[in-house]
Amino acid sequence: MLRNMATPAALRVFGLTGGLASGKSSVAAHLRSRGLPVIDADVLARDVLAPGTEGLREVVQHFGPSVLQNGELDRQRLAAVVFSDPRELLRLEAMTHPRIQERRSALLRDLAASGEPLACYEVPLLFEKQLDAELRPVVVVSVPEAVQVARARRRDGSTEAQVRARLAAQLPLAEKVARADYVIDNQGPLEATRAETDQVLRQICERLGIDPSRYP
């Protein structure tokens with residue numbers, strides 16, 4: 001479980017989450033296009049398990065060399081192990097989450113030092129890891145479950161059983177929607193999602209006392 005999410009006082013950080021293949025990355029990309037700094041937890045997770053890192057060494061030591069392919073982490077193979085055994089998922093999180101937290105904190109310090117008033121932290125397991133109290137407001141990107149399954153299978157080449165195993169490791173998206181401050185519906189055209197994202201960003205700025213014209 002992640003703790004100590006304290007950020008510099010001048011910097012406000014809101015959370016962006018959703019479910020598997022719900023479209024968080026599309027929303028995050030649009031926020032970046034508006035000039036808003038977005039820290040992606042998945043990118044940090046890849047960084048801490050990059051070739052040559054202590055994180056990867058520890059993962060290989062526990063899960064074995066079969067999770068490697070050409071010296072790099074085979075994420076699909078590792079996912080097949082951890083999402084079929086909750087105990088192994090907890091072991092993986094214990095190896096990676098402290099390292100992710102350290103990298104995130106360093107990035108936030110840099111943003112605060114540069115004078116940024118607002119940032120977004122994109123994290124899939126925001127509610128599952130009880131980060132919602134510290135990352136407010138929370139924005140949830142939502143689509144129907146059938147859309148999640150279809151998109152994940154098309155994107156990752158996964159079977160339906162593999163996708164549903166990953167979904168089972170997360171809170172149902174409907175529950176995340178119920179606990180959100182803002183919800184972005186991403187089942188329609190991309191233009192509609194972008195317009196809704198712009199509206200939510202403007203509302204967050206007004207809520208936190210930040211000039212929305214900073215993000216044209």
Side-chain angles (χ1 to χ4, degrees), residues 2 5 7 11-50 75 79 96-97 99-101 103-112 114 116-129 131-132 134-144 147-148 150-152 154-156 163 166-167 170-171 173 176-177 179-208 210 212-216:
L2 297 181
M5 283 283 292
T7 58
L11 177 67
R12 304 296 296 272
V13 184
F14 70 90
L16 174 65
T17 191
L20 176 67
S22 65
K24 298 183 301 300
S25 296
S26 296
V27 169
H30 187 63
L31 290 172
R32 289 189 184 95
S33 77
R34 293 295 189 228
L36 181 76
V38 180
I39 298 175
D40 185 342
D42 283 342
V43 171
L44 300 187
R46 288 194 290 271
D47 288 346
V48 302
L49 296 180
R75 296 184 178 278
T96 58
H97 283 181
R99 293 181 168 93
I100 292 170
Q101 181 178 352
R103 292 181 71 88
R104 182 197 58 239
S105 297
L107 290 172
L108 291 176
R109 286 194 298 270
D110 289 345
L111 289 173
S114 68
E116 289 287 348
L118 183 65
C120 171
Y121 187 46
E122 178 191 355
V123 52
L125 301 181
L126 186 150
F127 289 112
E128 290 86 342
K129 299 305 173 186
L131 300 179
D132 49 308
E134 300 167 82
L135 290 170
R136 285 289 179 180
V138 172
V139 180
V140 171
V141 184
S142 178
V143 295
V147 175
Q148 287 183 269
R151 286 181 179 175
R154 184 168 59 249
R155 182 190 68 189
D156 303 331
V163 173
R166 294 182 65 184
L167 287 173
Q170 302 180 356
L171 283 179
L173 191 47
K176 297 182 182 184
V177 167
R179 296 169 61 179
D181 297 293
Y182 303 98
V183 178
I184 296 173
D185 185 344
N186 190 37
Q187 62 180 313
L190 181 58
E191 293 76 11
T193 300
R194 288 173 173 169
E196 202 168 336
T197 302
D198 288 337
Q199 181 180 9
V200 167
L201 178 58
R202 183 169 56 253
Q203 291 173 342
I204 290 173
C205 286
E206 292 170 352
R207 174 173 175 166
L208 300 179
I210 297 169
S213 67
R214 186 181 179 95
Y215 310 106

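Any value given below was found using the heavy atoms of this structure, including those in side chains, with hydrogens, waters and symmetry copies removed. Residue numbers start at 1 and run along the sequence shown.
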Completion exercise
Closest heavy-atom pair, Arg151 versus Gln187, reported as atoms and distance to 0.1 Å, is NH2-CA, 4.2 Å

Exercise for the section: Using the test side-chain hydrogen bond (donor to acceptor under 3.5 Å, both in side chains), find all partners of Arg99 that sit at least two apart in sequence or belong to another chain. Expected result: Glu58

Problem - Distance-minimising heavy-atom pair for Arg32 and Val38 - result: NH2-O, 3.4 Å

Handout entry: Nearest-0.5 Å distance, CG of residue Leu36 to SG of residue Cys120
Key = 6.0 Å

Exercise for the section: Sort out for me which residue in Leu118, Ile39, Val13 forms a side-chain contact (heavy atoms from CB on, under 4.5 Å) with Leu111. Expected result: Ile39

Exercise for the section: May I ask you to decide if Pro124's main-chain N or O and Thr17's side chain share a donor-acceptor pair within less than 3.5 Å? Expected result: yes

Completion exercise
Distance col, row Asp198:CG vs Tyr215:OH, nearest 0.5 angstrom, shows 13.5 Å

Exercise for the section: Give, for atom CD of Glu134 and atom CG of Leu126, the distance between the pair rounded to the nearest 0.5 Å. Expected result: 9.5 Å

Exercise for the section: May I ask you to decide whether Asp42 forms a salt bridge with Arg75, counting only side-chain N to carboxylate O separations under 4.0 Å? Expected result: no

Problem - Side-chain heavy-atom pair Arg136, Val138 within 4.5 angstrom cut-off - result: yes

Practice task
Please confirm whether the backbone N or O of Ser22 pairs with a side-chain atom of Asn186, one donor and one acceptor, at under 3.5 Å?
Solution key: yes

Exercise for the section: Would you mind reporting whether Leu107 and Leu44 have side-chain heavy atoms less than 4.5 Å apart? Expected result: yes

Exercise for the section: Could you tell me whether a side-chain N or O of Glu196 sits under 3.5 Å from a main-chain N or O of Asp185, the two making a donor and an acceptor? Expected result: yes

Handout entry: From NE2 (His97) to NZ (Lys129), nearest 0.5 Å
Key = 5.5 Å

Practice task
Return yes if some donor-acceptor pair links the side-chain N/O of Gln148 with the main-chain N/O of Leu20 below 3.5 Å, else return no.
Solution key: yes

Practice task
Could you tell me whether a side-chain N or O of Arg34 sits under 3.5 Å from a main-chain N or O of His30, the two making a donor and an acceptor?
Solution key: no

Exercise for the section: For residues Val143 and Ala21, report the shortest heavy-atom separation together with the two atoms involved. Expected result: CG2-O, 4.3 Å

Handout entry: Approximate separation, where rounding is to 0.5 Å, of Leu208 CG and Arg12 CZ
Key = 4.5 Å

Exercise for the section: Would you indicate whether the side-chain heavy atoms of Arg104 and Val123 approach each other to under 4.5 Å? Expected result: no

Problem - Check against side-chain contact (heavy atoms from CB on, under 4.5 Å), Glu122 and Leu31 - result: CA-CA 11 Å; Glu122 178 191 355; Leu31 290 172; over 6 Å; no

Fill in the blank from the handout: When every non-hydrogen atom of Pro212 is compared with those of Arg202, the smallest separation belongs to CB-CG, 4.2 Å

Completion exercise
Heavy-atom closest pair (Gln170 atom, Gly19 atom, distance to 0.1 Å) is OE1-CA, 3.6 Å

Exercise for the section: Examine distances only and state if a side-chain atom of Glu128 and a backbone atom of Leu171 form a donor-acceptor pair shorter than 3.5 Å. Expected result: yes

Fill in the blank from the handout: Tightest non-hydrogen contact, residues Val140 and Gly18, listed as CG1-CA, 4.2 Å

Exercise for the section: Flag the pair Asp181 and Arg207 as a salt bridge only when some basic side-chain nitrogen lies within less than 4.0 angstrom of an acidic carboxylate oxygen. Expected result: yes

Practice task
Any chance you could measure Leu173, atom CG, to Phe127, atom CZ, to the nearest 0.5 Å?
Solution key: 10.0 Å

